[in-house]
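What follows is one structure encoded as structure tokens, with my remarks underneath.
Proteins come first, then strands; the chains are lettered A, B, ... in the order of their sequence lines, and each starts at number 1. For clarity, every value in this text was computed on a predicted model and none was experimentally measured. Because only heavy atoms are used, hydrogens play no part in the values below, and waters and symmetry mates are left out as well, while side chains stay in.
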There are 2 protein chains.
Amino acid sequence: MFDEIFKNTGNTKSFSKGAILQSAGQKLAKAFYVKKGLLKSYIVDEKGKEHIFMFASEGWIVSDIESQAFNNETVLFIEAIENSEVVLVDVSDFSQSEKNQKEFKLILEALTKRMGVMQRRILSLMSASARERYEYFLQTYPELPNRVPQKMIASYLGITPEALSTIRNKITKRH
Amino acid sequence: MFDEIFKNTGNTKSFSKGAILQSAGQKLAKAFYVKKGLLKSYIVDEKGKEHIFMFASEGWIVSDIESQAFNNETVLFIEAIENSEVVLVDVSDFSQSEKNQKEFKLILEALTKRMGVMQRRILSLMSASARERYEYFLQTYPELPNRVPQKMIASYLGITPEALSTIRNKITKRH
DNA sequence: CTTATTTCTTAATCTAGATTAATGTTTAAA
DNA sequence: TTTAAACATTAATCTAGATTAAGAAATAAG
């Protein structure tokens with residue numbers, strides 16, 4: 001989506017697996033365009049449990065949108081799951097620079113798609129079982145299970161690794 | 001947010017309480033700007049249970065973003081909770097018409113805020129208890145409880161009316 | 001390689017919230 | 001107004017998924 005805009009930007013940084021690009025509690029939320037590799041964004045709750053908001057592989061942008069929209073301190077951590085190459089995106093660029101109609105349309109389309117995905121996620125968290133959410137996840141992101149440990153998938157789905165393991169067991173045993 | 005853009009548009013329609021402005025299964029998703037009154041958007045699951053995606057009061061826009069973004073049939077119903085005056089928004093207008101920088105910025109800002117709200121909703125559905133979600137709802141939308149029956153609030157929170165009733169009982173009894 | 005660490009599985013137990021059901025209350029209709 | 005319909009409460013029971021715990025498998029590190 002944003003490929004054309006960010007692919008050839010100079011300010012690319014490399015982060016190795018496990019590196020934390022952004023922590024909760026920071027004043028300024030940053031946005032990251034992933035050229036290569038894989039990131040995750042997540043919150044850590046009072047009990048120290050991690051809840052993954054999203055994965056971002058090649059071509060995606062991650063940021064703490066809530067913090068950005070309302071100028072709050074960040075709530076999300078952003079971390080490299082694989083060694084990654086990332087472009088730091090200045091968000092104000094988006095709205096302040098002179099964008100032409102074409103770019104404007106592209107950005108709107110990308111944002112609309114992102115919102116569509118979020119709508120679906122909200123509705124399925126409210127109405128679907130853990131198993132249904134997992135099966136939808138597999139359909140929608142078939143590459144991710146090869147790149148991401150199960151416990152992170154569980155965290156994305158809003159369940160425990162134990163529960164996911166049980167679900168997988170039931171699915172393979174065909175009932 | 002979109003007040004300036006839509007407030008004085010001519011094509012305002014009136015819908016009385018209970019009217020359905022859009023059903024699931026339609027080819028073309030519409031967007032509605034609320035000038036007056038209150039709408040809700042929701043899905044109906046296989047068991048016939050209703051799950052509210054959002055409320056839209058004065059100044060808000062509702063639409064089935066998922067269907068819009070991916071050109072799928074609509075999944076959301078949109079219904080008037082109160083007698084309402086609504087402007088039918090042509091979504092392609094947004095991206096196709098000649099918008100100036102200022103309007104562009106306004107639209108981006110509004111979309112970012114909407115996404116921020118959605119991010120928060122996803123994270124709290126994954127990590128917060130029903131009671132915490134209810135208390136956050138009261139803080140964030142203090143006017144709504146006066147305009148909306150409890151069962152709809154429960155539906156928005158992703159719980160049953162019975163569970164919400166129990167939570168309210170516990171809160172007032174100060175433990 | 002060998003050992004340590006992280007991840008995954010399995011099973012027993014527990015709990016938040018669902019379901020069911022009955023009663024009370026408010027709203028709307030006749 | 002009376003009567004019906006929609007909404008809210010309370011309580012008993014049930015269940016999906018959490019928690020706890022322990023062992024097995026896979027990865028990483030020395």
Report task. Take the protein atom CD1 of B/I167 and the nucleotide atom C1' of D/dA8, then report the distance between them rounded to whole Å. Result -> 14 Å
Requested in this report: Measure up the A/F137 and A/Y141 rings against each other and bin them: parallel (under 30°), tilted (30 to 60°), perpendicular (over 60°).
Outcome: tilted
Dump every N/O contact between nucleotides 25-28 of chain C and the protein below 3.5 Å, one line per pair.
none

**Report entry** With sequence neighbours excluded, residues passing salt bridge (Lys or Arg N to Asp or Glu O under 4.0 Å) with A/R120
**Finding:** B/E66
Query raised in the report: Got a donor-acceptor contact below 3.5 angstrom from the A/S84 side chain to the A/F15 backbone?
Result: no
Requested in this report: Figure out the CG/P separation between A/L125 and D/dG17, and round it to whole Å.
Outcome: 12 Å
Report task. Measure from the side-chain heavy atoms of A/K151 and tell me the nearest of C/dA18, C/dC8, D/dG17. Result -> C/dC8
Query raised in the report: Over how many whole Å does the gap from B/M126 atom CE to D/dA18 atom C1' extend?
Result: 16 Å
Query - Side chain to side chain, B/L39 and B/F55, heavy atoms closer than 4.5 Å - result: no
Query raised in the report: Is the distance from OP1 or OP2 of D/dA16 to the nearest side-chain N or O of A/S129 less than 4.0 Å?
Result: no
Pick out the pairs of N or O atoms, protein on one side and nucleotides 9-14 of chain D on the other, that lie under 3.5 Å.
{"residue": "D/dT9", "atom": "OP2", "partner": "B/S165", "partner atom": "OG", "Å": "3.2"}
{"residue": "D/dT9", "atom": "O5'", "partner": "B/S165", "partner atom": "OG", "Å": "3.2"}
{"residue": "D/dT10", "atom": "OP2", "partner": "B/N169", "partner atom": "ND2", "Å": "2.5"}

Report task. Give the rounded distance in Å between these two atoms: CD of A/E82 and P of D/dT27. Result -> 14 Å
Query raised in the report: Starting at CG of A/N146 and ending at P of D/dT27, how long is that distance when rounded to a whole Å?
Result: 12 Å
Query raised in the report: Salt bridge or not for A/E73 and A/K27, using N-O below 4.0 Å?
Result: yes
Query raised in the report: Strictly by modelled atom types, are B/T12 and B/K35 linked by a side-chain donor-acceptor pair under 3.5 Å?
Result: yes
Report task. Write down the distance between OH (A/Y134) and P (C/dC8), rounded to a whole number of angstrom. Result -> 11 Å
Report task. Could you please name the option among C/dG17, C/dT19, D/dT19 that lies closest to any side-chain atom of B/K49? Result -> C/dT19
Query raised in the report: Between the main-chain N or O of A/R133 and the side-chain N or O of A/S124, is there a donor-acceptor pair closer than 3.5 Å?
Result: no
Report summary line: From CD1 of A/I159 across to P of D/dA16 the rounded distance in Å is 14 Å
Query raised in the report: Between A/Q119 and B/D64, is any side-chain donor less than 3.5 angstrom from a side-chain acceptor?
Result: yes
Query raised in the report: Does A/K113 pair with A/E109 as a salt bridge, N-O distance under 4.0 Å?
Result: yes
